[in-house]
Peer 1: 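Could you have a look at this structure, given as structure tokens, before my questions?
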Amino acid sequence: MTSTARTIAELRRVAATRGGVSSTYLLSVRSFSSAAAAATSSASDSHPSASSSSESQGKSSRWLLFLPGAITFGLGTWQIFRRQEKIKMLEYREKRLQMEPLKFSSANPSIEELDSLEFRKVVCKGVFDDKKSIFVGPRSRSISGVTENGYYVITPLIPVHNYPDSVGFPILVNRGWVPRSWRDKFLEDSHDEHFADALPSPSQADGTKSWWKFWSQKSIIVEDQVPSVSPVEVVGTIRGSENPSIFVPANDPESSQWFYVDVPGIARTCGLPEDTIYIEDINENVNPSKPYPIPKDVNTLIRSSVMPQDHLNYMLTWYSLSAAVTFMAFKRLRQKIKGR
């Protein structure tokens, strides 16, 4: 376009310097000028389409600047709903824990009944089958400001025959927390006891009878008439299996490694049905002479890893971030407009 204008100007200057100019020459100059004007107008007519496409792309890029602010605003709003759900859940647990403890009958509750009984206090009487104890962990516990690793010990509670208040079916009981040293000693004693039971008696080894066996029969009969076990009372709450995070390893029952509570898996390992009831001991009357296992504090049942106050903090964080990125997008947009 610029070269055409320069050509027309040059022709006019030549025509002005030469006084005598033919009509044919002037006609050619005029026709060339009209052709250049037409080319200029056609170029100007094609320019609006290109400018309109660039403007549409600019508008879409403007909206993309506000997308992070909209996303963070939505996350902040979601925390409001999560906070309300958490408040209702904790109030539900607290209300159920304040109810009177239940006593199990001889009938085993169904799965539907167990779902409705979760977080209800129960009173059970029976004897612990210590040989089938399962240790779940490691779990840390703060004692006098010092954090110590330990385990939860889960033991089957077995019914006592001819005892009216005994449970009528086995129950898995989380008896509480024990330190690592306590668990190691327990496993060592259990192994020694199992090894001693596997050894044959002298009379069995040589195939003869012991000379004192006849004289000991009377004492054995007397011991059989005396109850060998005394039932224990357990006050706990009905719970279910834990939901581990993606960072928790899978349980390995064959090597006796349990990282989280899996009620059906623990029940199978203990030789019990998969629908066995699982309760957590919350008895506050701990014998000072036997400090372990330490039962769970009932207040921990009305707490969560993320409390309502935490959801409120998350909400404020997301809203603040939304305001910040929206302000930055608006400032960036103003700079583009001023640049034009």
Side-chain angles (χ1 to χ4, degrees), residues 104 108 122-139 141 143 148-163 165-199 201 220 223-224 226-239 241-242 251-297:
F104 280 130
N108 195 346
V122 294
V123 178
C124 307
K125 289 185 179 181
V127 291
F128 284 118
D129 190 358
D130 292 323
K131 295 181 181 179
K132 295 183 179 179
S133 295
I134 299 293
F135 293 89
V136 180
R139 301 295 173 93
R141 179 182 173 90
I143 302 176
E148 185 178 2
N149 283 331
Y151 297 84
Y152 286 140
V153 54
I154 300 176
T155 309
L157 186 71
I158 307 301
V160 180
H161 296 289
N162 299 325
Y163 192 81
D165 293 336
S166 172
V167 293
F169 45 88
I171 296 176
L172 289 175
V173 180
N174 186 338
R175 301 165 65 182
W177 183 88
V178 296
R180 185 187 296 270
S181 58
W182 193 94
R183 184 204 67 156
D184 296 340
K185 185 177 183 304
F186 179 87
L187 294 178
E188 183 180 355
D189 294 342
S190 300
H191 180 268
D192 294 341
E193 184 180 354
H194 178 74
F195 181 75
D197 293 340
L199 290 176
S201 63
I220 293 175
E223 288 177 359
D224 290 341
V226 178
S228 58
V229 292
S230 58
V232 295
E233 183 179 84
V234 177
V235 179
T237 57
I238 299 177
R239 297 299 308 275
S241 300
E242 293 180 341
N251 292 328
D252 188 3
E254 295 182 357
S255 59
S256 299
Q257 291 184 346
W258 298 88
F259 300 99
Y260 63 93
V261 178
D262 178 17
V263 176
I266 294 175
R268 286 194 303 268
T269 304
C270 296
L272 302 176
E274 292 187 358
D275 58 351
T276 301
I277 298 175
Y278 167 71
I279 67 173
E280 293 180 347
D281 190 356
I282 58 171
N283 192 1
E284 299 178 354
N285 299 324
V286 179
N287 188 357
S289 61
K290 296 181 180 180
Y292 300 112
I294 301 176
K296 278 194 172 184
D297 185 4

Peer 1: Mind checking salt bridge (charged side-chain N to carboxylate O under 4.0 Å, His left out) for R268 and listing every partner two or more places apart, or none if nothing turns up?
Peer 2: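 Counting only residues at least two positions away or on another chain, R268 forms a salt bridge (charged side-chain N to carboxylate O under 4.0 Å, His left out) with E274.
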Peer 1: If you compare all heavy atoms of A267 against all heavy atoms of P273, which two are closest, and at what distance to 0.1 Å?
Peer 2: CB-O, 3.1 Å
Peer 1: Which pair of heavy atoms, one from V136 and one from F259, lies closest together, and at what distance?
Peer 2: CG1-C, 3.9 Å
Peer 1: Between I266 and I134, what is the shortest heavy-atom contact and its length?
Peer 2: CG2-CG1, 4.0 Å
Peer 1: Between R139 and Y260, which heavy-atom pair has the shortest distance, and what is it?
Peer 2: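 Where R139 meets Y260 most closely, the heavy atoms are NH2-CA, 3.7 Å.
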Peer 1: A side-chain contact here means heavy atoms from C-beta on lying under 4.5 Å apart; do P170 and I158 qualify?
Peer 2: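 Yes, their side chains come closer than 4.5 Å.
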Peer 1: Any side-chain heavy atom of E148 within less than 4.5 Å of one from R141?
Peer 2: no
Peer 1: Would you find a donor on one side and an acceptor on the other, under 3.5 Å apart, between the side chain of N174 and the backbone of I154?
Peer 2: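 Side chain of N174 to backbone of I154, a donor-acceptor pair under 3.5 Å: no, none is there.
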Peer 1: Side-chain contact test, heavy atoms from C-beta onward, threshold under 4.5 Å: evaluate it for Y292 versus V153 and give yes or no.
Peer 2: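 Counting from C-beta outward, Y292 and V153 never come under 4.5 Å.
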Peer 1: Look only at the side chain of N251 and the backbone of P253, and say whether a donor-acceptor pair between them is shorter than 3.5 Å.
Peer 2: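 Pair absent, no side-chain N/O of N251 close to backbone of P253.
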Peer 1: Please report the shortest heavy-atom distance between T276 and I171, naming the atom on each side.
Peer 2: CG2-CA, 4.1 Å
Peer 1: I need the L172 CG to S133 OG distance, nearest 0.5 Å.
Peer 2: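 One gets 10.5 Å once the value is rounded to the nearest 0.5 Å.
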Peer 1: Which atoms form the tightest heavy-atom contact between P231 and Y163, and what is the distance?
Peer 2: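 P231 and Y163 have their closest heavy atoms at CG-CZ, 3.5 Å.
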Peer 1: So, using salt bridge (charged side-chain N to carboxylate O under 4.0 Å, His left out) as the criterion, who are the partners of D130 when residues are at least two apart?
Peer 2: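 If we apply the salt bridge (charged side-chain N to carboxylate O under 4.0 Å, His left out) test to D130, skipping adjacent residues, the hits are R175.
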Peer 1: For N162, does its backbone N or O pair with a side-chain atom of S166 as donor and acceptor, under 3.5 Å?
Peer 2: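 Not at all, since once roles are kept as given, no pair shorter than 3.5 Å links the two residues.
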Peer 1: Is the side chain of S241 donor-acceptor paired with the backbone N or O of V263 at a distance under 3.5 Å, no angle test?
Peer 2: yes
Peer 1: Would you please name every residue forming a ring-ring contact (aromatic ring centres under 6.0 Å, His included) with F135, sequence neighbours left out?
Peer 2: F186
Peer 1: Do E188 and D184 have side-chain heavy atoms sitting under 4.5 Å apart?
Peer 2: no
Peer 1: Less than 4.5 Å apart, side chain to side chain, heavy atoms only: is that true for Y152 and K296?
Peer 2: yes
